[in-house]
Amino acid sequence: MKCPKDFSCCVSSFENICKAEDIGLDGSVICHEEKTQAARQCAFSVPFGGAHFCNCSLRIYIAKRLKK
């Protein structure tokens, strides 16, 4: 698995992690980043219907399994 952010979420013990929420979709979580520009620039962000969804498999796992 490759990460353009150098796994900063894991390296920082989840201190440096984006805000995301599991809303029941299998392959993504919804992005709750306060800075919309940051969500637009993220390599894992997918805009849809006025929201941004995250398709990073590691971030999805963290949101769904670890509830973070």
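Since the structure is predicted, the reported quantities are computational estimates derived from the model, not experimental observations.
A donor-acceptor pair is defined here as one N or O able to donate and one able to accept, closer than 3.5 Å; no such pair exists between the side chain of Arg59 and the backbone of Lys19. No donor-acceptor distance shorter than 3.5 angstrom exists from the side chain of Ser45 to the backbone of Cys42, with no hydrogens or angles considered.
Counting heavy atoms of neighbouring residues, nucleotides and ligands inside a 6.0 Å radius, atom CZ of Phe14 exceeds 12 of them.
With values rounded to the nearest 0.5 angstrom, Ser28 atom OG is found 7.5 Å from Asn55 atom CG. Remark: Cys56 SG to Met1 CE distance equals 4.5 Å, nearest 0.5 Å. The distance from the CZ atom of Phe44 to the CG atom of Leu58 is 8.5 Å, given to the nearest 0.5 Å. To the nearest 0.5 Å, atom SG of residue Cys18 and atom NE2 of residue His32 are 10.5 Å apart.
Hydrophobic clustering keeps Phe48 apart from Val29 (ILVMFWY residues linked when any side-chain heavy atoms are closer than 4.5 Å, directly or through intermediates).
For Lys64, the side-chain hydrogen bond (donor to acceptor under 3.5 Å, both in side chains) partners are Asp22, not counting sequence neighbours.
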Evaluate the criterion side chain to side chain contact (heavy atoms under 4.5 Å, CB included) for residue pair Ser12 and Ile17; output intermediate values, then yes/no.
CA-CA 8 Å; Ser12 69; Ile17 195 167; 5.9 Å; no
Give the intermediate values and the outcome of side chain to side chain contact (heavy atoms under 4.5 Å, CB included) for residues Leu25 and Phe53.
CA-CA 10 Å; Leu25 298 174; Phe53 293 86; 3.8 Å; yes
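Summarising the geometry of Ala51 relative to Ile30, their closest heavy-atom pair is CB-CD1, 3.9 Å, with the distance given to 0.1 Å. Residues Gly27 and Ile60 come closest through the heavy atom pair O-CD1, 3.1 Å.
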